[in-house]
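In what follows, a structure is listed as structure tokens, so that the remarks can point back to it.
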Amino acid sequence: QVQLVESGGGSVAAGGSLTLSCAASMYTYSSTYMGWFRQVQGKEREGVAAISPGGIRKDYADSVKGRFTISRDNIKKTLSLQMNSLKPEDTAMYYCAAVQGTGWPGYPLGSTSYNYWGQGTQVTVSS
């Protein structure tokens, strides 16, 4: 009943920019906490950025602060991640995630707080 579809991934040189998008098919989107996560082979899924239902609270991993910006459009039911000044270490599969219902996570960047996930979109940054 909940579908999340990411797009916008690709290959870019270090220092470049890329914007990821997530289209959400869910009735409660405007009341849903959303986040972006990334994962590389053999490593744990890492919280990159999260945003509250109304878009007022935003959380970022220290590794991306100042470079990434998360935003949402509750009318179009989309989630975005603007990534600037990309680094090789940003290379990963990026996932869009949603918390079930209207729940608010105690730790917005914790993957265990999220119930729905997209299929992922690959981001590769070359040096």
Side-chain angles (χ1 to χ4, degrees):
Q1 56 187 245
V2 174
Q3 298 293 321
L4 302 175
V5 182
E6 304 95 332
S7 62
S11 298
V12 64
S17 299
L18 206 59
T19 299
L20 305 183
S21 296
C22 172
S25 295
M26 56 196 297
Y27 290 110
T28 61
Y29 184 73
S30 63
S31 299
T32 301
Y33 222 103
M34 302 292 295
W36 283 101
F37 293 78
R38 64 187 182 188
Q39 186 169 31
V40 298
Q41 188 177 83
K43 296 185 178 180
E44 296 296 311
R45 191 156 48 193
E46 172 190 22
V48 176
I51 187 169
S52 62
I56 301 302
R57 175 172 178 170
K58 297 179 180 180
D59 292 85
Y60 297 95
D62 289 340
S63 60
V64 308
K65 65 179 182 180
R67 299 189 298 119
F68 291 12
T69 301
I70 188 171
S71 62
R72 65 190 296 159
D73 186 322
N74 286 347
I75 295 178
K76 297 184 179 298
K77 295 184 178 181
T78 57
L79 180 73
S80 299
L81 183 67
Q82 175 64 52
M83 306 184 292
N84 298 321
S85 302
L86 284 162
K87 306 175 180 180
E89 49 262 50
D90 292 319
T91 295
M93 181 70 74
Y94 283 71
Y95 298 90
C96 170
V99 173
Q100 180 177 284
T102 60
W104 285 60
Y107 180 44
L109 298 179
S111 63
T112 58
S113 295
Y114 296 78
N115 308 93
Y116 306 109
W117 300 83
Q119 83 291 338
T121 185
Q122 178 68 220
V123 171
T124 301
V125 184
S126 60
S127 61

For the side chain of Arg72 and the backbone of Ser52, is there at least one donor-acceptor N/O pair under 3.5 Å apart?
-> yes
Going by heavy atoms in the side chains, are Glu89 and Val125 under 4.5 Å from each other?
-> no
d(Tyr33 OH, Asn115 CG) to nearest 0.5 Å is 14.5 Å
Without swapping roles, check the side chain of Lys58 against the backbone of Thr69 for a donor-acceptor pair under 3.5 Å.
-> no
Tell me, do Leu79 and Ile70 make a side-chain contact under 4.5 Å, heavy atoms counted?
-> yes
Using the ring of each side chain (for Trp, its six-membered ring), is Tyr94 parallel, tilted or perpendicular to Phe68, with breaks at 30° and 60°?
-> tilted
Charged tip of Arg45 within 45° of Trp117 ring normal and under 6.0 Å | yes
Quick one: does Met83's side chain get under 4.5 Å of Asp90's, heavy atoms only?
-> no
Spell out, as yes or no, whether a donor-acceptor pair under 3.5 Å connects the side chain of Tyr114 to the backbone of Pro105.
-> no
If you measure from CZ on Phe37 to OH on Tyr95, what distance do you get to the nearest 0.5 Å?
-> 12.5 Å
Over all heavy atoms of both residues, which pair between Gly47 and Ala61 is shortest? Give the atoms and the distance, please.
-> O-CB, 3.4 Å
Is a donor on one side and an acceptor on the other found under 3.5 Å between the side chain of Gln3 and the backbone of Ser25?
-> no
Rounding to 0.5 Å, atoms OG1 (Thr32) and CD1 (Ile51) come to a distance of 12.5 Å
State whether the side chain of Asn74 and the backbone N or O of Pro53 hold a donor-acceptor pair below 3.5 Å, judged by distance alone.
-> yes
Tyr27 versus Gln1: any side-chain heavy-atom pair under 4.5 Å?
-> no
Heavy atoms of Ala92 and Arg38 approach each other most closely as CB-CB, 3.8 Å
Is the backbone of Met26 close enough, under 3.5 Å, to the side chain of Lys77 for a donor and an acceptor to pair up by distance?
-> yes
Checking Arg67 side chain against Ser85 main chain: does a donor-acceptor pair fall under 3.5 Å?
-> yes
Taking C-beta and beyond as the side chain, do Glu6 and Gln119 meet within less than 4.5 Å on heavy atoms?
-> yes
